[in-house]
Amino acid sequence: MNENAFEIGVLRLGHRIIRDKRVTMHAFLVSRAFGASAFIIHGDKDSKLEENANKIVRIWGGRIRIEYTENWLETVRKWREAGGLITHLTMYGMPVESVINDVRRSGRILVIIGGQKVPGEAYRVSDYNVSITNQPHSEIAALAIFLDRVFQGKELYKQHENPRVFIVPSPRGKVICRNPLYRDDSIGRR
Ligand code: SAM
């Protein structure tokens with residue numbers, strides 16, 4: 001399946017404003033950069049984090065939606081009703097390489113990532129509990145590798161729509177270009 005045909009949502013469980021703001025932001029950054037189409041935050045409502053995530057999209061482009069859910073089981077139900085496959089990243093799950101071919105058959109995938117405590121239902125409602133090694137590490141690392149396996153590395157060449165700025169790869173130093181379609185003073189503002 002072509003990488004643009006996938007609709008991938010990342011559901012971040014149990015966000016806590018003070019303790020998790022950096023980790024959740026990094027999970028969002030990975031979701032966007034690696035091709036997810038929705039990032040759904042569960043736990044504390046964190047308007048500042050949502051605003052910062054939306055600002056990243058305005059500056060660097062792309063179409064990822066940032067959403068909040070009070071009821072993550074309801075979010076899972078909606079994705080399933082819309083034909084989505086539910087996956088949950090956990091060190092207790094089945095090795096990614098043993099399930100990825102089945103997972104990739106679905107064009108619509110919800111990826112649940114946990115935080116400090118993951119409710120038992122996450123294991124039960126998921127079609128696939130997927131491990132990226134059976135060692136404890138991080139939701140950010142697990143998500144990056146999972147998305148890379150879903151997109152088979154093609155996300156590394158993804159062009160994000162309507163960026164205000166973009167980087168020209170350089171062997172040394174920083175080369176940043178502004179998109180001429182946007183006035184200079186529009187960077188960072190709506
Ligand atoms: N005991 C947890 C678990 O089930 O993976 C580790 C908690 S870790 C602080 C937070 C999150 O990182 C987990 O909920 C899971 O989404 C992700 N994670 C950590 N290690 C992982 C691994 N080896 N494979 C897949 N996901 C992992």
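Just so you know, ligand 1 is whichever comes first in the structure, and atom 1 is the first atom listed for that ligand. Quantities reported herein were computed from a predicted structural model and do not represent experimental measurements.
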| Does the gap between the ring centers of Phe151 and Phe34 come in under 6.0 Å? | no
| Looking only at protein heavy atoms, which one is nearest to atom 4 (O) of ligand 1, and how far off is it? | Thr90 OG1, 2.8 Å
| query | Among protein heavy atoms, which lies nearest atom 27 (C) of ligand 1, and at what distance? | reply | Ala142 CB, 3.8 Å
| said: Could you report the tightest heavy-atom contact between Phe166 and Trp60, atom names first, then the distance? | reply: CA-CZ3, 4.2 Å
| query | Taking a hydrophobic cluster as the set of Ile, Leu, Val, Met, Phe, Trp and Tyr residues connected by side-chain heavy atoms closer than 4.5 Å, whether directly or through intermediates, do Leu13 and Met91 fall within one such cluster? | reply | yes
| query | Going by the order shown, which atoms of ligand 1 are within less than 4.0 Å of some heavy atom of Val118? | reply | 14 (O)
| field | Any donor-acceptor N/O pair, Arg108 side chain to Arg80 backbone, under 3.5 Å | value | no
| Backbone of Ile41 reached by a side-chain donor or acceptor of Arg12 within 3.5 Å | no
| said: Using a 4.0 Å cutoff against the non-hydrogen atoms of Thr133, which atoms of ligand 1 qualify? | reply: 22 (C), 23 (N), 24 (N)
| said: When you measure from atom 11 (C) of ligand 1 to the protein, is at least one non-hydrogen atom found at a distance under 4.0 Å? | reply: yes
| To which protein heavy atom is atom 9 (C) of ligand 1 closest, and what is the distance rounded to 0.1 Å? | Gly115 O, 3.9 Å
| message | Geometry only, no angles: is His88 polar-contacting ligand 1 at N/O separations under 3.5 Å? | response | no
| task | Would you kindly say whether His15 and Asp44 are connected by a side-chain donor-acceptor distance under 3.5 Å? | result | no
| field | Ile132-ligand 1 polar pair, N/O distance under 3.5 Å | value | yes
| request: Can you sort out which atoms of ligand 1 are near Tyr92, meaning under 4.0 Å from one of its heavy atoms? | output: 1 (N), 4 (O)
| query | Is there any N or O on Asn134 that sits under 3.5 Å from an N or O of ligand 1? | reply | no
| field | Nearest heavy atoms of Trp72 and Val125, plus distance in Å | value | CZ3-CG2, 4.0 Å
| request: Run the numbers for me: atoms of ligand 1, each under 4.0 Å from some heavy atom of Ser138, listed by number. | output: 12 (O), 19 (C)
| said: Just to be sure I read this right, does ligand 1 sit under 4.0 Å from the backbone of Phe146, its side chain, both, or neither, counting only heavy atoms? | reply: neither
| query | Under 4.0 Å from ligand 1, counting heavy atoms only, is it the side chain of Ile112, its backbone, both or neither? | reply | neither
| task | Can you see which heavy atom on Ser31 is nearest to which on Val10, and at what distance? | result | OG-CG2, 3.5 Å
| task | Give a yes or no on whether the backbone of Leu85 and the side-chain of Asp127 come within a donor-acceptor separation of less than 3.5 Å. | result | no
| field | Heteroatom proximity flag, Leu89 to ligand 1, N/O under 3.5 Å | value | yes
| Check: His88 and Val118 side chains under 4.5 Å, non-hydrogen atoms | yes
| Should the pair Glu74-Arg77 be classified as a salt bridge under the 4.0 Å nitrogen-to-oxygen rule? | yes
| said: Quick test: of every protein heavy atom, which one is nearest to atom 23 (N) of ligand 1, and how far off is it to 0.1 Å? | reply: Gln135 O, 2.6 Å
| said: Using a plain distance cutoff, I'd like to know if Pro136 has any nitrogen or oxygen under 3.5 Å from a nitrogen or oxygen of ligand 1. | reply: no
| said: Under a 4.0 angstrom heavy-atom cut-off, which atoms of ligand 1 come close to Val130? | reply: 25 (C)
| message | Which of the numbered atoms in ligand 1 are under 4.0 angstrom from any heavy atom belonging to Ile113? | response | 16 (O)
| request: Tell me, please: is Val96 in heavy-atom contact with ligand 1, that is, under 4.0 Å? | output: no
| remark: heavy-atom search around atom 20 (N) of ligand 1 in the protein gives His137 N, 3.1 Å
| field | Subset of ligand 1 atoms that lie under 4.0 Å from at least one heavy atom of Tyr123 | value | 4 (O)
| said: For a salt bridge (Lys or Arg N to Asp or Glu O under 4.0 Å) check, start with the C-alpha distance between Glu50 and Lys45, then their side-chain angles and the critical distance, and finish with the verdict. | reply: CA-CA 9 Å; Glu50 289 179 36; Lys45 171 78 180 161; 2.8 Å; yes
| query | Under 3.5 Å, is there a donor-acceptor pair between the side chain of Thr69 and the main chain of Asn71? | reply | yes
| Polar contact flag for Ser131 and ligand 1 (N/O pairs, less than 3.5 Å) | no
| If only atom types and distance count, is the side chain of Ser37 paired as donor or acceptor with the main-chain N or O of Ile8 below 3.5 Å? | yes
| field | Residue and atom name of the nearest protein heavy atom (relative to atom 5 (O) of ligand 1), distance in Å to one decimal | value | Met91 N, 2.9 Å
